[in-house]
Amino acid sequence: MSGTESGAYEGFTAEERAAMKEHGRELKKAARRASKADKAAEAERDVLAKIAEMGDSDRTMAERVHAVVTAGAPVLAPKLWYGMPAYALDGKVVCFFQSAEKFKARYATLGFSDQAKLDDGPMWAAGFALTEVTPEVEARIAALVEQAVR
């Protein structure tokens, strides 16, 4: 949420409001789907369509993240979450990919929710900046996702 230099609350940014509206549309669309298999197939198509809409750099990274997550943790179901590709376990988002262009950020982000079992003492990372998805980054993502669903 945005604020002024004095710290006064100014409300949600236009990007935040758009993400919330998109989430509302996602929930309505999911509620209209028929069977569980239909819901899963359509949710994955929605995620792939959202990835296809991204700019070149974000799309390339999102495609690699999608491939790594779906291969490394097949128990996670792809779905849209606030307009972002996300991966859920029993309907609860475990991790998500946020493109840099979504909130006009400097880099894309791979984020993990509190559902992810990444606990490591009293403090651990729940989000990772991505500027490129190399084989080393893919291996790190695979390890994190595997740990997240244990």
Side-chain angles (χ1 to χ4, degrees), residues 1-27 29-30 36 39-40 43-150:
M1 294 186 295
S2 64
T4 63
E5 287 183 26
S6 66
Y9 174 73
E10 290 184 1
F12 294 103
T13 65
E15 292 83 6
E16 290 167 333
R17 284 192 302 278
M20 288 185 286
K21 286 179 183 178
E22 195 163 9
H23 184 58
R25 287 190 298 273
E26 292 160 7
L27 293 173
K29 187 175 182 181
K36 190 174 184 177
K39 288 180 182 185
E44 179 148 23
R45 282 193 300 272
D46 291 346
V47 166
L48 293 173
K50 183 57 73 174
I51 290 170
E53 293 173 6
M54 294 178 186
D56 291 340
S57 177
D58 285 342
R59 183 178 57 250
T60 300
M61 288 189 289
E63 288 169 347
R64 293 306 313 139
V65 168
H66 179 77
V68 170
V69 171
T70 55
V75 298
L76 294 178
K79 66 183 274 181
L80 288 179
W81 185 63
Y82 293 96
M84 297 178 281
Y87 305 88
L89 182 61
D90 299 327
K92 296 181 180 178
V93 171
V94 173
C95 62
F96 60 92
F97 177 85
Q98 180 178 302
S99 71
E101 68 185 51
K102 178 127 182 111
F103 293 108
K104 300 176 183 156
R106 189 167 63 107
Y107 46 78
T109 306
L110 175 64
F112 290 87
S113 75
D114 61 338
Q115 299 299 312
K117 297 176 179 83
L118 298 178
D119 305 39
D120 184 21
M123 185 175 132
W124 58 90
F128 299 85
L130 294 172
T131 58
E132 182 180 15
V133 179
T134 64
E136 294 80 17
V137 171
E138 287 182 8
R140 180 73 175 127
I141 292 169
L144 286 166
V145 170
E146 182 180 319
Q147 180 182 349
V149 296
R150 279 191 208 157

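Predicted model only: the values in this text are computed from it and were never measured.
In this structure the side chain of E22 never reaches within 4.5 angstrom of the side chain of R17, judged on heavy atoms. You'll find the side chain of K39 stays beyond 4.5 Å of the side chain of K36, heavy atoms only. Residues L130 and Y107 have side chains not in contact (no heavy-atom distance under 4.5 Å, counting atoms from C-beta outward). L80 has its side chain within reach of V47: a pair of non-hydrogen atoms, C-beta onward, lies under 4.5 Å apart. Using a 4.5 Å cut-off on side-chain heavy atoms (C-beta onward), E15 and K104 make contact.
For the atom pair CD of E53 and CG of L48, the computed distance is 11.5 Å after rounding to the nearest 0.5 Å. A distance of 11.0 Å separates OG1 of T109 from CZ of F128, quoted to the nearest 0.5 Å. Taken from OG1 in T131 to CE in M61, the straight-line distance is 7.0 Å, to the nearest 0.5 Å. Distance check, rounded to the nearest 0.5 Å: NZ of K117 to CG of D119 gives 9.0 Å. Taken to the nearest 0.5 Å, the CZ atom of R59 stands 10.5 Å off from the CD1 atom of I51.
What you find for A108 and D58 is that their closest heavy atoms are CB-OD1, 3.9 Å. Residues A71 and P74 share a closest heavy-atom pair of O-CD, 3.7 Å. Here the shortest heavy-atom pairing between H23 and Y82 reads CB-CD2, 3.4 Å.
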Name every donor-acceptor pair, under 3.5 Å, that has one atom in a side chain of residues 85-100 and the other anywhere in the protein, sequence neighbours excluded.
from : atom 1 : to   : atom 2 : distance (Å)
Y87  : OH     : H66  : ND1    : 2.8
S99  : OG     : K102 : N      : 3.2

Exercise answer: donor-acceptor pairs, residues 140-150 side-chain atoms, under 3.5 Å, sequence neighbours excluded:
none

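Judged purely by atom type and a 3.5 angstrom limit, E26 uses its side chain to pair as donor or acceptor with the backbone of G83.
The side-chain contact (heavy atoms from CB on, under 4.5 Å) check on E132 picks up T134, with sequence neighbours excluded.
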